[in-house]
Amino acid sequence: MRFRLRERALAIAVVVTTLVVIVLAGLQYRWSNRVSEATGVRLADTLQLSMVNWHLDFLRNFSEICLTMRIDRESGSEEDLRQYAGRFAEWRAVARYPDLVADVYFLRSTTPRPTVFRLNAPTRQFQIAEWPSRFQGLDELPAWTNVPPPGLDDLARGSRTDTTRLAESFVGEAVRGWRFDPDIPALLHRVGYDDRSSAGLSSDLQPAGWIAIELRDSVIAASIFPDLAHRYFQGTDGLDYQVAVVAGSRVRRVIYTSDSGFGQDEVADADGVMNVFGRAGREAPGSSFRVFHKTSENTGLPASAAISWFPLARQTPADEDWQLVVRHRRGGPLGAFVADMHRRDLAVSFGVLLLLVLSMAMLIITSNRAQRLATLQMDFVTAVSHELRTPLTVISSAADNIAQGVVNGRDQLTQYGSVISHQVRQLSALVEQILLFAGTNREPQRFTLQPVAVPELIDATLASAAGLIQAGQFHVDREIEPNLPPVMGDLVALSQCLQNLITNALKYGREQRWIGIRASVAQNGVNGRDIQISIADRGIGIDPADLPHIFEPFYRSPSAAAAQIHGTGLGLTLAKRIAEAMKGQLTVTSEPGRGSTFTLHLPFAEPLNRQVDVDASASVTQVH
Ligand code: ADP
């Protein structure tokens with residue numbers, strides 16, 4: 001009854017724990033989804049900021065040159081040219097990449113083609129030079145007026161970061177009028193009036209011309225871009241992103257790449273794309289960039305625009321901008337990386353939950369076991385007290401009668417004597433059993449294994465139990481197969497084991513008063529070919545729910561306790577331990593109300609006698 005109550009409490013505890021775990025798992029899942037989404041947005045924002053900063057930092061190298069040269073549309077006089085030479089030398093002295101500038105040219109608009117002046121850096125003089133073939137088409141470019149840096153309108157419409165706003169206020173004026181020609185590559189500035197209609201407005205003005213600052217591709221590709229990639233896309237373990245700067249979409253040219261091969265083909269799963277220079281004019285977009293990231297609220301592709309400080313000089317569609325392309329290094333595109341992180345987060349948190357569940361299950365099982373053991377031990381103490389009290393009362397009253405001279409005659413005295421000796425035998429058997437249990441629990445028992453003849457073993461056991469069998473008026477059916485080979489075992493221990501089984505058959509088989517003892521060879525027994533000795537009764541039988549427990553120490557089935565059948569709950573434990581120590585097994589089949597059969601399976605005798613130490617406290621197993 002107590003076990004049933006406890007089982008119910010246990011079931012409630014398991015249900016409550018399961019519900020709590022399910023709720024926790026649900027919350028964890030939702031929370032993890034949110035965190036993952038927020039992480040995605042944060043990473044996309046960070047990437048966006050990194051791209052803006054990369055852009056500004058890259059163009060800062062150009063802006064510095066423009067700031068130093070301080071060219072405006074009225075520049076171009078002899079004096080101006082001398083000043084440019086001086087300023088250029090100053091710039092080289094302090095520039096981070098002094099080799100960035102290959103040459104400085106002044107192209108004076110003359111017909112049929114411009115007169116080229118090249119700066120001789122050591123002499124600080126502009127000297128007439130050859131028309132560089134790479135400047136092809138430059139003289140045919142339509143003039144541009146000094147409109148404000150293009151792209152500002154786009155900025156006003158699109159998202160505009162604080163950094164770009166700041167940069168705009170600093171650099172806006174100085175870089176006004178500059179353009180970039182990626183084919184040379186060069187920074188170009190128009191000087192003087194180009195517009196023919198304005199000719200004669202001011203005789204001070206020089207004829208139209210160009211200042212061209214030719215840049216070195218190699219410095220940009222091998223120094224500036226790698227430095228920038230490390231500055232803005234660096235993670236804890238190398239670059240977080242694959243970075244490439246490519247030119248042209250029809251004929252693709254990789255100017256810089258952080259990973260060989262990246263950028264060579266169209267990057268379909270890029271996380272961010274940015275036009276580095278952009279086109280001039282209000283109608284054309286500025287240097288636009290896009291960071292791709294999908295969230296549940298934002299399924300589109302957010303686009304932003306950065307300022308085109310140096311719009312492309314040539315406006316034909318054939319002139320293609322440079323493009324910065326980035327893609328997250330781990331897990332492909334950012335979305336996949338975030339999803340991967342999400343999956344890992346979920347796995348870890350569900351792993352932790354699982355651990356929690358397992359520990360709770362362990363805790364419940366252990367505490368349940370401990371509680372059960374404590375109850376069993378208390379039952380044991382009560383049972384032993386009962387077992388002790390009955391013989392002690394009988395002995396004490398018999399002794400009192402003898403002492404008080406109530407007993408008359410020799411016959412009565414003999415009768416009293418046999419009662420006392422029977423009770424004492426029962427007492428010693430009980431004490432023996434408890435000591436044996438304590439002994440097998442503490443240390444391995446020493447058994448002397450030798451061939452034992454089965455009929456001899458059964459007869460010795462029946463002789464020891466004869467008193468009890470007679471007292472209970474039981475009928476014993478003894479059926480031993482002829483010519484049984486001997487078994488391997490310890491005679492005393494095996495007899496003790498069978499005695500426990502017979503005692504139980506006597507205790508639990510009361511009304512039918514029948515015990516069947518059979519010994520035979522089994523061809524396919526538990527140990528293969530072995531000898532089986534079975535003790536059967538037609539008593540109360542065992543409830544299937546009790547079967548898994550009857551071999552546990554101190555366990556007594558509720559029906560046995562209810563029928564007030566005395567016992568300690570140790571008999572079967574000891575019998576099983578002895579059977580296993582003999583390399584055998586003890587099994588049971590039972591039907592409530594119809595009786596039980598306990599079968600001892602023993603191996604055949606081996607030729608040699610030997611002594612073995614057997615850990616009889618090894619775990620008890622059973623076969624039903
Ligand atoms: P005890 O008999 O002292 O209670 P045991 O370890 O010998 O302890 O048996 C454990 C339990 O197994 C018993 O309490 C009883 O419920 C059940 N049992 C053992 N043998 C039999 C049997 N022959 N018939 C019915 N029940 C049995």
Side-chain angles (χ1 to χ4, degrees), residues 1-4 372-373 375-391 426-427 429-438 440-441 461 465 468-469 472 474-477 495-518 533-580 586-600 616-617 620-624:
M1 190 63 186
R2 251 176 307 169
F3 288 140
R4 300 279 130 81
R372 243 178 76 170
L373 199 67
T375 315
L376 286 175
Q377 278 171 339
M378 275 316 294
D379 289 350
F380 171 72
V381 172
T382 317
V384 168
S385 313
H386 267 289
E387 295 283 294
L388 286 175
R389 201 162 54 186
T390 317
Q426 265 195 311
L427 266 184
L430 177 68
V431 172
E432 271 312 309
Q433 200 175 50
I434 295 170
L435 284 179
L436 186 61
F437 174 73
T440 55
N441 257 0
T461 312
L468 289 172
I469 295 171
F474 269 65
H475 172 74
V476 178
D477 270 346
S495 166
Q496 171 75 58
C497 169
L498 289 179
Q499 221 170 302
N500 286 1
L501 299 178
I502 290 175
T503 312
N504 278 353
L506 290 169
K507 282 198 295 186
Y508 302 107
R510 265 183 186 162
E511 268 135 44
Q512 299 297 322
R513 295 176 195 281
W514 176 88
I515 297 177
I517 302 180
R518 278 190 84 235
I533 305 171
S534 60
I535 312 284
D537 65 61
R538 294 173 181 156
I540 60 171
I542 304 166
D543 195 292
D546 292 324
L547 272 179
H549 305 294
I550 57 172
F551 294 100
E552 290 171 9
F554 311 119
Y555 186 83
R556 307 210 63 229
S557 70
S559 55
Q564 295 206 322
I565 302 170
H566 294 306
T568 55
L570 294 180
L572 286 183
T573 310
L574 285 171
K576 180 114 190 160
R577 285 183 184 179
I578 291 169
E580 282 169 0
L586 181 59
T587 60
V588 60
T589 55
S590 183
E591 220 181 303
R594 306 205 62 166
S596 317
T597 303
F598 286 86
T599 307
L600 181 61
S617 63
V620 175
T621 57
Q622 67 173 71
V623 178
H624 301 302

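First listed ligand is number 1; within each ligand, the first listed atom is number 1. Everything quoted here is computed from the prediction, not taken from an experiment.
The main-chain N or O of A536 is never found under 3.5 Å from a side-chain atom of R518 such that the two would form a donor-acceptor pair. Between the side chain of D537 and the backbone N or O of G595 there is no donor-acceptor pair closer than 3.5 Å. Using a distance-only test at 3.5 Å, with no hydrogens or angles considered, a donor-acceptor pair links the side chain of R513 to the main chain of G472. Under the 3.5 Å distance criterion, the side-chain polar atoms of D477 are left unmatched by any main-chain donor or acceptor of G516.
How far OG1 of T461 is from CD1 of I517: 7.5 Å, rounded to the nearest 0.5 Å. If you take CD1 on I533 and OG1 on T599, they are separated by 10.0 Å, rounding to the nearest 0.5 Å. One distance of note links CG of D543 with NE2 of H549; it measures 10.0 Å at 0.5 Å rounding. Rounding to the nearest 0.5 Å places SG of C497 at 8.5 Å from CD1 of I535.
Atoms of ligand 1 lying under 4.0 Å from any heavy atom of L570, numbered from 1 in the order shown and given with element: 6 (O), 8 (O). Near G571, the atoms of ligand 1 lying under 4.0 angstrom from a non-hydrogen atom of the residue are 5 (P), 6 (O), 7 (O). Distances below 4.0 Å separate heavy atoms of S557 from the following atoms of ligand 1: 14 (O), 15 (C), 16 (O). Proximity to A560 (heavy-atom distance under 4.0 Å) selects the following atoms of ligand 1: 14 (O), 16 (O). Each of the following atoms of ligand 1 lies closer than 4.0 Å to a heavy atom of Y555: 10 (C), 11 (C). Within the listing of ligand 1, atoms 25 (C), 26 (N) sit less than 4.0 angstrom from a heavy atom of G541.
The nearest protein atom to atom 23 (N) of ligand 1, hydrogens excluded, is given as D537 OD2, 2.9 Å; this is a heavy-atom distance. Counting only heavy atoms of the protein, atom 20 (N) of ligand 1 lies nearest to N504 ND2, 3.3 Å. Scanning the protein for heavy atoms near atom 6 (O) of ligand 1, the closest one is L572 N, 2.9 Å. Nearest non-hydrogen protein atom to atom 21 (C) of ligand 1 is Y508 CD1, 3.4 Å.
The closest side-chain heavy-atom distance from Q496 to L574 is not below 4.5 Å. Side-chain contact between D379 and F554 is absent, with no heavy atoms from C-beta onward closer than 4.5 Å.
Only the side chain of K507 comes within 4.0 Å of ligand 1, counting heavy atoms alone; its backbone N, CA, C and O stay farther away. Proximity of I542 to ligand 1, defined as any heavy-atom pair under 4.0 Å, is confined to the side chain (atoms from C-beta onward).
For the ligand labelled ligand 1, residue S596 lies inside the 4.0 Å heavy-atom shell. By the 4.0 Å heavy-atom criterion, F598 is counted among the residues contacting ligand 1.
For T568, a nitrogen or oxygen atom sits less than 3.5 Å from a nitrogen or oxygen atom of ligand 1, counting backbone and side chain alike. Distances between N or O atoms of R556 and those of ligand 1 include at least one value under 3.5 Å. Below 3.5 Å of separation, one finds an N or O of G569 facing an N or O of ligand 1.
Note on ring orientation: taking the six-membered ring where Trp is involved, the planes of F598 and F551 are perpendicular (angle over 60°, cut-offs 30° and 60°).
Summarising the contacts of atom 12 (O) of ligand 1 with L506, I550, V588, L574, the nearest heavy atom is found in I550.
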